[in-house]
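Presented below is the structure to which this report refers.
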Protein chains: 2
Amino acid sequence: MKIKPEYCKVHDALSILVGKWKPIILLYLMSEGTMRYGELKKALVGITPKMLTNQLRELEEEGLINRKLYPEVPPKVEYSITEYGMTLKPILDSMHEWSMQHKKRKLEITMD
Amino acid sequence: MKIKPEYCKVHDALSILVGKWKPIILLYLMSEGTMRYGELKKALVGITPKMLTNQLRELEEEGLINRKLYPEVPPKVEYSITEYGMTLKPILDSMHEWSMQHKKRKLEITMD
DNA sequence: AGATATAGTATCCAAAAAGATACTATTGGA
DNA sequence: TCCAATAGTATCTTTTTGGATACTATATCT
């Protein structure tokens, strides 16, 4: 059997999660429900505005999050997870679970 | 609550799976048990030897796969999944499952 | 009139990941 | 002696991703 990465289902799911800040943003919105741009910026220590906007836009394009712009000045923008975005929760959970179970592994190994 | 990507558990798990060919290699070894370098090379359409070696080394360093060198000429090297590598199966499964359920989504959306 | 708050843009630069292509070591066999 | 087979290396280039830093628009408030 031969295969290309693009034909791999796992690769498909993985690729929409890849991005330095994407998983955290999704997790935040999943638990907080809705957050403003500025709140996210404060929460995500070290993120630049460019990166934040970029990651949000990509998540939005995938249909995973919602962007709601209030026509006020100064501007107000709220981000929230979509129903579709919520379907990723089992995946994120399984990764969280795995990391919790194996977080000590590297330490154990290097202690040999 | 503030957070950096490196402190995110999901990010931890994700990062060891990221690499263009890593998921496929893991899936192959999980199902085939053991494969030689040349077999992998044939299976992974379009991969360069450099990339194959690189991905294998990184997986090996993480302890996810095993490299067994037979001291023969021409050389023979067999790769196999480790027990630890197998613990990733639930994650890969959940991603596969998700992709199967949502593979039509983009098409549906763009058809509006 | 000038400062303030918010959600971004615009540029330029550095680092990391991936791709193309050619090359190597070894030795048993023709 | 030269070739084939296997599992890689070595180099160089391109693409992608991320980082630093400065700037903007605009109604409201003072």
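First the proteins, then the strands, lettered A, B, ... as listed; each starts at 1. Side chains are part of it too, since the values below use all heavy atoms of this structure and drop only hydrogens, waters and symmetry mates.
Y79(B) comes within 4.0 angstrom of the backbone, heavy atoms only, and of no base. K76(A) comes within contact range of the sugar-phosphate backbone alone, with a heavy-atom separation under 4.0 Å but no base atom that close.
At a threshold of 4.5 Å between non-hydrogen side-chain atoms, the residues L44(A) and Y28(A) count as touching. Between L88(A) and I16(A) there is a side-chain heavy-atom pair separated by less than 4.5 Å. At least one side-chain heavy atom of E58(A) sits less than 4.5 Å from a side-chain heavy atom of K22(A).
For the helix from dA1(C)-dT30(D) to dA30(C)-dT1(D), the angle separating the two terminal helix axes comes to 30°, with each axis derived from five pairs and the value rounded to 10°.
Checked by atom type and distance alone, the side chain of S99(B) pairs as donor or acceptor with a backbone atom of K9(A) at under 3.5 Å. Judged by distance alone, the side chain of S94(B) and the main-chain N or O of P90(A) form no donor-acceptor pair under 3.5 Å. Not one N or O on the side chain of E32(B) forms a donor-acceptor pair closer than 3.5 Å with the backbone of L29(B). Using a distance-only test at 3.5 Å, with no hydrogens or angles considered, no donor-acceptor pair links the side chain of E62(A) to the main chain of L59(A).
Remark: R36(A) is in phosphate contact with dA7(C), judged by side-chain N or O atoms under 4.0 Å from OP1 or OP2.
Qualifying side-chain contact (heavy atoms from CB on, under 4.5 Å) partners for E6(B), counting only residues two or more places apart in sequence or in other chains: K20(A), K4(B). K41(B) meets the salt bridge (Lys or Arg N to Asp or Glu O under 4.0 Å) test with no other residue; sequence neighbours excluded.
Taking CZ of R67(B) as the reference point, atom OG1 of T82(B) lies at 15.5 Å (rounded to 0.5 Å).
In plain terms, the two heavy atoms of G85(A) and M30(A) that are nearest each other are O-CE, 3.3 Å. Closest heavy-atom contact between R36(A) and E39(A): N-OE1, 2.8 Å. Heavy atoms only, all atoms of each residue included: K76(A) and E78(A) are closest at CE-OE2, 3.7 Å.
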Under 3.5 Å, N/O pairs linking protein and nucleotides 12-18 of chain C:
{"from": "dA18(C)", "atom 1": "OP1", "to": "K20(B)", "atom 2": "N", "distance (Å)": "3.1"}

Pick out the pairs of N or O atoms, protein on one side and nucleotides 27-30 of chain C on the other, that lie under 3.5 Å.
none

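One interatomic measurement links the two molecules: NZ of K42(A) to C1' of dT6(C), which rounds to 10 Å at whole-angstrom precision.
Close approach of DNA chain D to chain B, defined as any atom under 4.0 Å from a non-hydrogen atom of the protein, starts and stops at dA5(D) to dC12(D).
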